[in-house]
Amino acid sequence: MSIEVINTTKIFDKQKALDNVSFKINSGEIVGFLGPNGAGKSTMMRIITGFIPQTSGEVYVNGLNILENTISAQQQIGYLPENNPLYLDMYVREYLEFISGIFKMKAKLKSKIDEIVEKTGLTIEQNKKIGTLSKGYRQRLGLAQVLIHDPNVLILDEPTSGLDPNQIIEIRNLIASVGKEKTVMLSTHIMQEVEAICDRVIIINRGKIVADDNSENFKKSIDDKTQTIVVEFNAETEANKLRKIDGVIRAEMSKDKKNWFIQSKSNTDIRPKVFNFAVGNNLVVLSMQKQEKNLEKIFQELTVGKK
């Protein structure tokens, strides 16, 4: 077991940031840790990495209690906080040598830095001052310092924050590559990123875990509750007429006034009934398809308006 969180609560003054949180992350998993702003993501990550203590509960990293064996546990963790802490007056290689010294790395240091520089795509920037690097390369350097001591647990808080689309893809591919041999826990607001690289998703809201499963099971479990089809007719009709179709629980027009979103009860395929409705009302169905729910919609359903 790489990370185990047991009944963990964190209280700041009168605010409960985490409320009896429990989960496990196995070796080799890439887990997306999601939640709206203020949900408790960064607090949980700081507790796991030993930067702040929990109020109650237990946290283990590779079997080590983070409070009782803080230094030993931290030696097995690579942590990239949301605000990437870099010394802007240092040069790239100088900074990596400095970080290596913190972890008391001596054997084959040059070859290890060469390896990390190449893996993180910093080769052409390795002799520059950090202050001259673009945001994308600074994030690469942040990941390089996370990987330099070869930890088997990576905690990444918003690793692609502020990057352009090309940089996001590059960092995403890098995380996916290193995640093949390590345990990765990352927080992000980019749902495509989670769907692209994460094996599993944990969603936290108001300090509580509200969902924990792989993305396919997320979609399946929510799709089992309702089904939505998107329909375009050749002429106007009314929502109250569509709602009278057997099995329909909601009918709404799209913002561009082109398509209808028609939602039905669980396991009810209403496409034949919608087609018959069109025929009976002298309408032509120009297009009709089931709407696939993505992780973003699932995230909204689990967090928006939840008390």
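Small disclaimer: the values here were computed from a predicted structure and weren't measured. FYI, side chains are in, hydrogens and waters are out, and symmetry mates aren't considered; it's all heavy atoms of this structure.
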Sub-4.5 Å side-chain heavy-atom contact between L242 and F233: yes
To the nearest 0.5 Å, atom CE of M253 lies from atom CD1 of I262 at 9.5 Å
In this structure, are over 12 heavy atoms from other groups packed under 6.0 Å from F275 atom CZ?
-> no
Exercise. Could you please spell out the steps behind the side-chain contact (heavy atoms from CB on, under 4.5 Å) verdict for I48 and M185?
Key: CA-CA 10 Å; I48 293 172; M185 179 181 182; 3.7 Å; yes
Under a 3.5 Å distance rule, please check whether E29 uses its side chain to pair with a backbone N or O of N26 as donor and acceptor. yes
Here the salt bridge (charged side-chain N to carboxylate O under 4.0 Å, His left out) pairs for residues 64-77, sequence neighbours left out, are none
- Query: Is the shortest heavy-atom distance from the side chain of V201 to the side chain of D213 under 4.5 Å?
  - Reply: no
Exercise for the section: Give a yes or no on whether V117 and L86 share a hydrophobic cluster (residues Ile, Leu, Val, Met, Phe, Trp, Tyr; joining criterion: side-chain heavy atoms under 4.5 Å apart). Expected result: yes
CA sep, side-chain torsions, deciding dist, call: I116, I113, side-chain contact (heavy atoms from CB on, under 4.5 Å): CA-CA 5 Å; I116 293 299; I113 291 177; 5.8 Å; no
query: Side chains of N7 and S22: donor-acceptor distance under 3.5 Å anywhere?
result: yes
Residue pairs passing the side-chain hydrogen bond (donor to acceptor under 3.5 Å, both in side chains) test with at least one member in residues 177-188, sequence neighbours excluded, are S2-T183, D150-K182, D157-S187, T188-E193
Legend entry - D199 side-chain N/O to I30 backbone N/O, donor-acceptor pair under 3.5 Å: yes
For this session: Tell me, please, whether F12 has K14 positioned over its six-membered ring: NZ or CZ under 6.0 Å from the ring centre and within 45 degrees of its axis?
Result: no
May I ask you to test the I155-L80 pair for a side-chain heavy-atom distance under 4.5 Å? no
ask   = Would you call D212-R200 a salt bridge at under 4.0 Å N-O?
value = yes
Q. Would you say the side chain of L186 lies within less than 4.5 Å of the side chain of I197, judging by non-hydrogen atoms?
A. yes
Heavy-atom closest pair (A144 atom, L122 atom, distance to 0.1 Å) is CB-CD1, 3.9 Å
How far apart are the C-alpha atoms of F33 and M44, what are their side-chain angles, what is the distance that settles it, and do they pass the side-chain contact (heavy atoms from CB on, under 4.5 Å) test?
CA-CA 10 Å; F33 192 52; M44 187 73 260; 3.8 Å; yes
For residues 131-143, which side-chain donor-acceptor pairs fall under 3.5 Å, sequence neighbours excluded?
| unit_1 | atom_1 | unit_2 | atom_2 | d |
| --- | --- | --- | --- | --- |
| T132 | OG1 | K129 | O | 2.7 |
| S134 | OG | Y137 | N | 3.3 |
| R138 | NE | L133 | O | 3.1 |
| R138 | NH2 | G131 | O | 2.9 |
| Q139 | OE1 | N84 | ND2 | 3.3 |
| Q139 | NE2 | P159 | O | 2.4 |
| R140 | NH1 | T120 | O | 2.7 |
| R140 | NH2 | E170 | OE1 | 2.7 |

In short, A239 meets W260 closest at the heavy-atom pair N-CH2, 3.6 Å
Student check: side-chain heavy atoms of I204 and L34 closer than 4.5 Å: no
Value for CD1 (I175) from CZ (R172), rounded to nearest 0.5 Å, stands at 9.5 Å
Heavy-atom side-chain proximity of F23 to I25 below 4.5 angstrom: yes
Exercise. Do other residues, nucleotides or ligands put more than 12 heavy atoms under 6.0 Å from the NZ atom of K208?
Worked result: no
Next on the checklist: Hydrophobic cluster membership, with links at side-chain heavy-atom distances under 4.5 Å among I/L/V/M/F/W/Y: are I171 and L154 in one?
Outcome noted: yes
OG (S27) and CG (N62) are apart, to the nearest 0.5 Å, by 6.0 Å
Checklist entry - Do T55 side-chain atoms and I11 backbone N/O form a donor-acceptor pair below 3.5 Å? => result yes
In short, Q54 meets I66 closest at the heavy-atom pair OE1-CG2, 4.4 Å
Check whether K10 reaches the backbone of P53 with its side chain - one donor and one acceptor, N or O, closer than 3.5 Å.
yes
Residues 86-101 vs side-chain hydrogen bond (donor to acceptor under 3.5 Å, both in side chains), sequence neighbours excluded, gives R93-D114, R93-Q126
ask   = Taking H149 for the side chain and I77 for the main chain, is one N or O donor matched with an acceptor at less than 3.5 Å?
value = yes
Go through K112 and I148 one step at a time and tell me if the side-chain contact (heavy atoms from CB on, under 4.5 Å) criterion holds.
CA-CA 7 Å; K112 181 62 177 178; I148 192 68; 4.2 Å; yes
| said: Please tell me whether V31 and Y60 are part of a single hydrophobic cluster in this structure, the criterion being side-chain heavy atoms less than 4.5 Å apart. | reply: no
### Query
Hey, is the main chain of N20 close enough, under 3.5 Å, to the side chain of T9 for a donor-acceptor pair?
yes
- Task: Compare all side-chain heavy atoms of V59 with those of I6 and state whether any distance is below 4.5 angstrom.
- Result: no
When rounded to the nearest 0.5 Å, the distance separating CD1 of I47 from CD1 of I52 is 4.5 Å
- Query: Does E82 reach the main-chain N or O of S42 with its side chain, forming a donor-acceptor pair under 3.5 Å?
  - Reply: no
So the salt bridge (charged side-chain N to carboxylate O under 4.0 Å, His left out) pairs with at least one residue in residues 36-62 (sequence neighbours excluded) are none
- [ ] Could you check D269 against R271 for salt bridge (charged side-chain N to carboxylate O under 4.0 Å, His left out), going step by step and ending with a plain yes or no?
- [x] CA-CA 6 Å; D269 188 351; R271 287 175 294 180; 2.9 Å; yes
Practice prompt. Determine whether M90 and L109 fall in the same hydrophobic cluster, where Ile, Leu, Val, Met, Phe, Trp and Tyr are linked whenever their side-chain heavy atoms lie under 4.5 Å apart.
Written response: yes
Separation between CD (Q289) and OG1 (T228), nearest 0.5 Å, reads 12.0 Å
Taking the side chain from N65 and the backbone from L67, do they hold a donor-acceptor pair closer than 3.5 Å?
-> yes
Here the side-chain hydrogen bond (donor to acceptor under 3.5 Å, both in side chains) pairs for residues 234-251, sequence neighbours left out, are D246-K273
hydrophobic_cluster_shared for I71 and I102, side chain cutoff 4.5 Å: no
*Beyond-backbone contact of N152 with Q76, side-chain heavy atoms, under 4.5 angstrom*: yes
Distance col, row L156:CG vs Y79:OH, nearest 0.5 angstrom, shows 10.0 Å
